[in-house]
Amino acid sequence: MTVRVRMAPSPTGSPHVGLVRTALFNWAFARHHGGTFVFRIEDTDKERSTQESYDSIIDLMRWLALDWDEGPEVGGPHAPYFQSERSEVYADALARLRESRFAYDCYCTTDEVAARRLESGSKVMGYDGFCRDLTDDQVAAFIAEGRRPIARFRMPDGSITWDDLVRGEVTFETQYVPDFALCRANGDPLYTLVNPVDDALMEITHVLRGEDLLSSTPRQLALYEALKELGIAKLTPEFGHLPYVMGEGNKKLSKRDPEAHALAYRDQGFLPEGLLNYLALLGWSIAADRDVFSLEEMVEKFDIKDVNPNPARFDIKKAEAINASHMRLLSTDEITHRALPYLKRDGVLTDPVSPADQQLLELAMPFVAERINKLTEASRMLGFLFVAEQDFALDEADRAKLVDTDEGQAVLRAAYDALARVEPWSAARISDALTAALVEEMGLKPRVAFGAVRVAVTGKRISPPLFESLELLGRDRGLGRLQSALS
RNA sequence: GCCCCCGUUGUGUAGCGGCCUAGCACGCCUGCCUCUCACGCAGGUAGCGCCGGUUCGAAUCCGGUCGGGGGUACCA
């Protein structure tokens with residue numbers, strides 16, 4: 001039997017890192033087993049589903065390069081893959097369930113159910129089965145009152161057990177799992193029906209999803225039995241419940257936490273492989289003594305049985321460290337290529353890039369690529385090289401501390417004089433001249449001497465190596481900036 | 001309340017009865033390197049929730065307990 005897994009997000013709001021982690025594990029599972037990764041959009045909630053959210057999810061998946069074999073934009077044998085386009089499918093399943101007595105019509109209101117539960121003193125909440133065996137007269141009476149029924153699934157007696165792929169054997173007594181609603185009174189199908197029906201029809205073999213769905217599993221298992229008997233489902237999939245991704249403290253990472261938004265990591269300059277590698281570590285590990293790996297390695301080694309059931313805290317520091325490790329794995333050319341969109345976005349480079357800027361960028365990147373941990377940091381490091389002279393400005397705090405002081409001014413004057421005579425204008429000659437004038441003649445400590453020059457020339461205390469920066473900047477701009485830093 | 005899940009340093013994990021005086025990574029702290037930053041290098045810090053039991057021997061098995069989380073919808 002070939003493996004078929006799916007990810008089925010609801011297009012509501014901005015995609016969460018938990019969604020990425022679930023998508024990644026499903027994808028890795030499918031690829032490891034040479035199976036099929038199905039992508040389905042669960043937009044049954046018309047009120048909350050938005051086009052914007054859907055676009056974000058697609059954008060995210062494309063960025064991460066988690067490709068799907070069936071689903072939006074690629075189609076497949078089980079199309080359509082949008083639940084909003086599958087109404088007839090659900091209507092048909094619902095009708096057959098109702099005819100079969102696996103489901104029954106319920107005329108109760110939520111308030112009536114709650115009131116009865118309260119009165120009975122029952123410890124179990126939820127529906128009490130009141131309408132399970134209504135007589136024709138009772139039904140006629142309810143309809144005469146103008147009531148509209150919903151369909152409920154009749155939970156069997158006894159217990160339901162499954163061998164969870166992540167947690168092992170899990171058992172629920174069905175007395176604690178009330179008969180659940182399959183549709184609204186207006187006939188709209190609910191998640192409880194739609195999700196298992198689609199999984200059945202799309203012949204999903206393994207359902208890997210968040211722990212929050214754990215308690216709805218017994219209901220789905222019971223529904224599957226019915227669907228199989230009705231010929232709608234061929235098999236019951238195996239289930240594996242992935243641990244939560246937690247935020248600070250002991251709370252599930254919620255949409256309100258800025259760290260929850262997956263696309264924000266792209267904006268911050270994360271590499272997709274860095275984010276994915278970090279997320280993989282939340283509940284899984286490739287080896288006892290290693291945590292940086294490629295997607296290919298993950299695919300090769302991934303086994304759902306190795307997934308740890310404990311909830312994991314999202315640690316941005318570690319995420320950045322893993323990302324930094326991946327940055328160091330890339331060549332300078334590759335980093336240049338990947339940083340380009342960010343440099344344009346931040347206004348460091350124009351779009352398209354001029355040939356002169358392109359050349360300067362290629363000369364500068366070797367000094368930058370090895371010292372940045374996120375792609376966005378390239379903008380901070382390189383800005384001074386591409387800014388027009390009239391727009392060049394020094395960081396106020398750095399200027400006050402290193403430039404606008406008696407010592408700073410003296411250093412800059414000496415630096416200007418020394419540099420004015422440098423020939424040819426190369427990093428080596430610049431280094432010699434500056435060291436002679438500032439360190440040897442003035443007797444300054446290198447960090448003090450070069451600090452003032454650095455701020456005057458690059459605008460900040462933090463920059464690529466000074467001598468190389470000056471060389472790239474050119475004599476005119478270099479001297480000009482020293483000149484303007486002198487008051 | 002009831003049901004279910006989870007419990008190894010601050011964080012993520014390795015561990016599956018002796019190899020554990022508990023390994024790795026991030027973080028943090030010390031140094032080294034050094035024109036800033038970053039990288040790199042050397043070292044340090046800190047943990048098996050608790051109580052019983054099984055066993056010659058338990059982080060590993062069993063029971064209990066405590067703590068945390070989730071569910072309990074005509075949301076997904």
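Proteins come first, then strands; the chains are lettered A, B, ... in the order of their sequence lines, and each starts at number 1. Computed from a prediction, not measured in an experiment: that's the story for all the values here.
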Exercise. Could you state the CG-C1' distance from A:Leu282 to B:C6, rounded to the nearest angstrom?
Worked result: 15 Å
Problem set entry | Heavy-atom side-chain contact between A:Leu470 and A:Trp425 under 4.5 Å | yes
Problem set entry | Cation over ring face, A:Arg116 and A:Phe130, 6.0 Å, 45° | yes
Exercise. Does the side chain of A:Arg447 get closer than 4.0 angstrom to OP1 or OP2 of B:U36 through an N or O atom?
Worked result: yes
Problem set entry | 5' priority, RNA chain B, between A:Tyr278 and A:Ala319 [closest heavy atom] | A:Tyr278
For this session: Consider the side chain of A:Glu211, meaning its heavy atoms from C-beta on, and name the nucleotide among B:G27, B:G12, B:G69 that approaches it most closely.
Result: B:G69
Problem set entry | A:Glu145: salt bridge (Lys or Arg N to Asp or Glu O under 4.0 Å) partners, not counting sequence neighbours | A:Arg147
Exercise. NA contact type, A:Pro464, heavy-atom cut-off 4.0 Å: base, sugar-phosphate, or nothing?
Worked result: base
Seminar exercise, completed: From the candidates B:C26, B:U36, B:U13, the one with an atom nearest any side-chain atom of A:Ala312 is B:U13
Exercise. Just by distance, do the side chain of A:Gln409 and the backbone of A:Ala485 share a donor-acceptor pair under 3.5 Å?
Worked result: yes
For this session: Side-chain contact test, heavy atoms from C-beta onward, threshold under 4.5 Å: evaluate it for A:Arg6 versus A:Phe39 and give yes or no.
Result: no
For this session: Among the candidates B:U13, B:C26, B:A76, find the nucleotide nearest to the side-chain atoms of A:Leu213.
Result: B:A76
Problem set entry | Nucleotide nearest A:Arg454 (side chain, heavy atoms from C-beta), chosen from B:A76, B:C6, B:C35 | B:C35
List, with names and distances, any nitrogen or oxygen atoms from the protein found under 3.5 Å away from nitrogen or oxygen atoms belonging to nucleotides 71-74 of chain B.
residue, atom, partner, partner atom, Å
B:G71, O2', A:Ser215, OG, 3.0
B:C74, OP2, A:Arg152, NH2, 3.4
B:C74, O2, A:Ala185, N, 3.0
B:C74, N4, A:Cys108, O, 3.4

Exercise. Between A:Arg313 and B:G12, does any side-chain N or O lie under 4.0 Å from OP1 or OP2?
Worked result: yes
Exercise. Are the ring centres of A:Phe270 and A:Tyr278 closer than 6.0 Å?
Worked result: no
Exercise. Does A:Thr174 reach the main-chain N or O of A:Val177 with its side chain, forming a donor-acceptor pair under 3.5 Å?
Worked result: no
Seminar exercise, completed: Per atom distances to the A:Lys318 side chain, the nearest of B:A38, B:A25, B:U13 is B:A25
Exercise. What interatomic distance, in whole Å, is found between P of B:G10 and the corresponding atom of B:C28?
Worked result: 16 Å
Exercise. Among residues 361-370 of chain A, which contact RNA chain B at a heavy-atom distance under 4.0 Å?
Worked result: none
Could you pull out every donor-acceptor pair under 3.5 Å between side chains of residues 427-439 of chain A and any protein atom, sequence neighbours left out?
residue, atom, partner, partner atom, Å
A:Arg429, NH1, A:Glu423, O, 2.7
A:Thr435, OG1, A:Ser431, O, 2.7

Problem set entry | Atom C1', compared across B:G12 and B:A46: separation rounded to whole Å | 15 Å
Pairs under 3.5 Å (N/O, protein and nucleotides 40-50 of chain B):
residue, atom, partner, partner atom, Å
B:G40, OP1, A:Arg328, NH1, 3.3

Seminar exercise, completed: Partner of B:U72 under the Watson-Crick or G-U wobble criteria, both distances under 3.5 Å, comes out as B:G1
For this session: Could you work out which one of B:G12, B:U36, B:U13 sits closest to the side chain of A:Ser285?
Result: B:U13
Exercise. Using the P atom in both, what is the distance from B:C26 to B:C39, to the nearest Å?
Worked result: 10 Å
Exercise. A:Phe25 ring centre to A:Arg21 NZ or CZ under 6.0 Å, with the angle to the axis within 45°?
Worked result: yes
For this session: Determine the interatomic distance between C1' on B:U8 and the same-named atom on B:C29; round to the nearest Å.
Result: 23 Å
Problem set entry | Salt bridge present between A:Glu377 and A:Arg371 (N-O < 4.0 angstrom) | no
Seminar exercise, completed: In terms of heavy-atom contacts, A:Gly274 and A:Ile322 come closest through O-CG2, 3.8 Å
Exercise. Looking only at atom C1', what distance separates B:C4 and B:U11, rounded to whole Å?
Worked result: 26 Å
For this session: Ignoring backbone atoms, establish whether A:Asn310 has a side-chain N or O less than 4.0 Å from OP1 or OP2 of B:U8.
Result: yes
Exercise. Applying a 3.5 Å limit to both distances, which nucleotide forms a Watson-Crick or G-U wobble pair with B:C61?
Worked result: B:G53
Exercise. When you measure from the side chain of A:Lys123, which nucleotide among B:C26, B:C2, B:A76 comes out closest?
Worked result: B:C2
Exercise. Cation-pi between A:Arg154 and A:Phe102: NZ/CZ under 6.0 Å from ring centre and within 45° of the ring axis?
Worked result: no
Exercise. Choosing from B:C35, B:C3, B:A25, which nucleotide comes nearest the side chain of A:Phe172?
Worked result: B:C3
Problem set entry | Nearest-angstrom distance, C1' atom, B:G23 to B:G63 | 30 Å
Exercise. Using the C1' atom in both, what is the distance from B:U45 to B:C50, to the nearest Å?
Worked result: 25 Å
For this session: Verify the contact: side-chain N or O of A:Asn308 to OP1 or OP2 of B:U8, cut-off strictly under 4.0 Å; return yes or no.
Result: no
For this session: Ignoring hydrogens and angles, tell me if any N or O in the side chain of A:Thr50 forms a donor-acceptor pair with the backbone of A:Thr12 under 3.5 Å.
Result: no
For this session: Mark yes or no for whether A:Ser159, through its side chain, and A:Glu173, through its backbone, hold a donor-acceptor pair below 3.5 Å.
Result: no
Problem set entry | Selection from B:C5, B:U36, B:C37 that lies nearest to any side-chain heavy atom of A:Met381 | B:C37
Exercise. Is the NZ or CZ atom of A:Arg152 positioned over A:Tyr127's six-membered ring, under 6.0 angstrom from the centre and within 45° of the axis?
Worked result: yes
Problem set entry | Integer angstrom distance from the C1' of B:C5 to that of B:U9 | 24 Å
For this session: Please state whether the base of B:C37 and the side chain of A:Arg371 form at least one donor-acceptor pair under 3.5 Å?
Result: yes
Problem set entry | Strand contacts (RNA chain B) in residues 7-15 of chain A, 4.0 angstrom heavy-atom criterion | A:Ser10
For this session: Determine, for A:Phe180 and A:Arg219, whether the Lys NZ or Arg CZ falls below 6.0 Å from the six-membered ring centre while staying within 45 degrees of the axis.
Result: yes
For this session: Could you check whether A:Leu214 gets within reach of a base, just the sugar-phosphate, or nothing at all, counting any heavy atom under 4.0 Å?
Result: sugar-phosphate
